[in-house]
Amino acid sequence: MKCCQLTGGSRSWSTNSRVMAFAGKRLKGLIAATFTPMTSNSDINLAAIEQYVDYLVQKQHIRNIFVNGTTGEGMSLSVHERKSLAEEWVKQARGKMNNVIVHVGCLSLSDSKDLAAHAASCGADAISTVCPSFLKPSSLDALVLYLKEVASAAPSLPFYYYHIPRLTGITYQIYELLGKVKKNIPSFRGVKFSDVNLMDFSLCVSEYKEFDCLYGVDEQLLGALAFGAHGAVGSTYNYLGKKNGDMMAAFEEGNLLKARKIQGGA
């Protein structure tokens with residue numbers, strides 16, 4: 001299995017230094033969308049995160065995580081809880097993992113910007129956001145303006161759009177979105193594409209080679225690899241990381257039959 005190769009370097013760099021250093025890096029491989037540990041009283045369980053990180057590294061060969069996203073139920077947590085979780089994931093991953101990507105999306109733009117700035121201050125390696133899903137952006141240009149505002153709160157961090165239309169109801173073509181963000185968001189580096197529209201995904205990969213296209217529908221990963229996916233973010237990589245790593249390795253070696261068997265659950 002190939003682990004994600006994006007590296008962050010010193011967390012004390014200036015904004016320009018970090019952005020310039022990141023420009024030539026690519027985010028690829030498997031990234032586990034982490035669950036949020038909770039106590040029996042429904043409080044976040046920060047004490048469990050160290051063991052969780054060790055399990056991912058040692059048992060699943062995962063060295064990259066996407067925290068406070070859909071799997072982590074980030075949208076159902078308070079801003080304070082999300083900040084505490086981001087700090088603990090970064091702390092426990094340091095020296096063990098390559099990257100911690102923090103999802104900062106909220107219904108409130110000010111909360112999203114607050115979480116983005118906090119992610120930068122606590123040493124996260126990248127940030128990501130979904131779009132607002134209650135009062136939705138009225139156009140693709142409106143979505144770009146929203147993303148630009150969130151990214152501006154943490155200009156030193158690589159920024160990824162999280163596309164998950166079955167939950168947000170936003171169905172704009174990501175291929176068209178990438179053309180607009182390319183001109184407007186300097187820190188933009190790619191998309192977490194959690195949709196089954198492989199035609200749109202393939203256009204993103206083929207036409208915008210400078211961006212990282214990370215697939216987010218685990219059960220269709222092999223299809224996305226055939227279209228050139230750079231990596232994948234998903235919940236099943238928490239407990240099937242090693243198996244999916246084996247599938248990616250088989251695909252890269254040209255052993256499609258083996259890759260198909262693994263994707264099918266063999």
Any sub-3.5 Å donor-acceptor pair from E176's side-chain atoms to Q173's backbone N or O? no
Please find the pair of heavy atoms, one from G105 and one from T129, that lie closest to each other, and give the distance. CA-OG1, 3.0 Å
For S84 and I44, work out which heavy atoms get closest and say how close. CB-CD1, 4.0 Å
CG-OG distance between L157 and S128, expressed to the nearest 0.5 angstrom: 12.0 Å
Gap between atom CD1 of I62 and atom CG of N98 - 0.5 Å precision: 11.0 Å
Going by the salt bridge (Lys or Arg N to Asp or Glu O under 4.0 Å) test, which pairs reach into residues 132-154, not counting sequence neighbours? K113-E149, D141-K180
V102 to A119 - nearest heavy-atom pair and separation: CB-CB, 4.1 Å
With heavy-atom distances below 4.5 Å as the criterion, would you say the side chains of T34 and T71 are in contact? no
Kindly write out the residues that satisfy side chain to side chain contact (heavy atoms under 4.5 Å, CB included) with T171, not counting sequence neighbours, or none if the list is empty. P165
Heavy atoms of other groups near K182 NZ, more than 12 under 6.0 Å: no
Check: T39 side chain, D43 main-chain N or O, donor-acceptor pair, under 3.5 Å: yes
Could you note down all residue pairs passing ring pair (Phe, Tyr, Trp, His ring centres under 6.0 Å) where residues 104-126 supplies at least one of them, sequence neighbours left out? none
Is there side-chain contact between Y237 and N244, with heavy atoms separated by less than 4.5 Å? yes
Closer than 3.5 angstrom, by distance alone: can the side chain of N184 be matched with the main-chain N or O of V181 as a donor-acceptor pair? no
Nearest-0.5 Å distance, OH of residue Y160 to CG of residue D212: 4.0 Å
Hey, could you give me the NE2/NZ distance between H61 and K59, rounded to the nearest 0.5 Å? 9.0 Å
Quick check: is F35 connected to M38 through a chain of hydrophobic side chains (ILVMFWY, heavy atoms under 4.5 Å apart)? yes
Heavy atoms, side chains only, cut-off 4.5 Å: are C106 and L115 in contact? yes
Determine whether Y161 and C131 make a side-chain contact, defined as any pair of heavy atoms from C-beta on separated by less than 4.5 Å. yes
Can you tell whether the side chains of R82 and D111 come within less than 4.0 Å, N to carboxylate O? no
What do you reckon, is CD of Q51 surrounded by more than 12 foreign heavy atoms closer than 6.0 Å? no
Between S138 and A142, the two heavy atoms sitting closest are N-CB, 4.0 Å
Side-chain ion pair, K258 and E253, N-O less than 4.0 Å: no
What pairs with E88 under side chain to side chain contact (heavy atoms under 4.5 Å, CB included), at least two apart in sequence or on another chain? L46, I49, K91, Q92
Decide yes or no for V67 and I101: does some side-chain heavy atom of the first lie under 4.5 Å from some side-chain heavy atom of the second? no
To the nearest 0.5 Å, tell me how far S112 OG sits from H103 NE2. 7.5 Å
Contacts of S133 that satisfy side chain to side chain contact (heavy atoms under 4.5 Å, CB included) - sequence neighbours left out: L107, T168
For Y172, all residues meeting ring-ring contact (aromatic ring centres under 6.0 Å, His included), sequence neighbours excluded: none
Are side-chain N/O atoms of Y55 and Q60 paired as donor and acceptor at under 3.5 Å? yes
Considering all heavy atoms of both residues, which atom of A153 and which atom of P155 are nearest to each other, and what is their separation? C-CD, 3.6 Å
Here the ring pair (Phe, Tyr, Trp, His ring centres under 6.0 Å) pairs for residues 78-102, sequence neighbours left out, are Y52-W89
Any heavy-atom pair between the side chains of V191 and L177 that's under 4.5 Å? no
Nearest 0.5 Å please: distance from the CG atom of L214 over to the SG atom of C204. 11.5 Å
Y215: ring-ring contact (aromatic ring centres under 6.0 Å, His included) partners, not counting sequence neighbours: F201
Pairwise side-chain contact, P132 with P137, heavy-atom cut-off 4.5 Å (strictly under): yes
side-chain hydrogen bond (donor to acceptor under 3.5 Å, both in side chains): pairs with one or both residues in residues 191-204, sequence neighbours excluded: Y162-K192, K192-S194
Provide the closest heavy-atom pair for G72 versus L77 in the form atom of the first, atom of the second, distance. O-CD1, 3.9 Å
Which residues pass the side chain to side chain contact (heavy atoms under 4.5 Å, CB included) test with L256, sequence neighbours left out? L222, F251, R260
Tell me, please, which residues at least two apart from Y146 pass ring-ring contact (aromatic ring centres under 6.0 Å, His included). none
Between I185 and L147, is any pair of side-chain heavy atoms under 4.5 Å apart? yes
With sequence neighbours excluded, what pairs up with F188 under the ring-ring contact (aromatic ring centres under 6.0 Å, His included) test? F211
Would a single hydrophobic cluster contain both V196 and I174, if residues Ile, Leu, Val, Met, Phe, Trp and Tyr are joined by side-chain heavy-atom contacts under 4.5 Å? yes
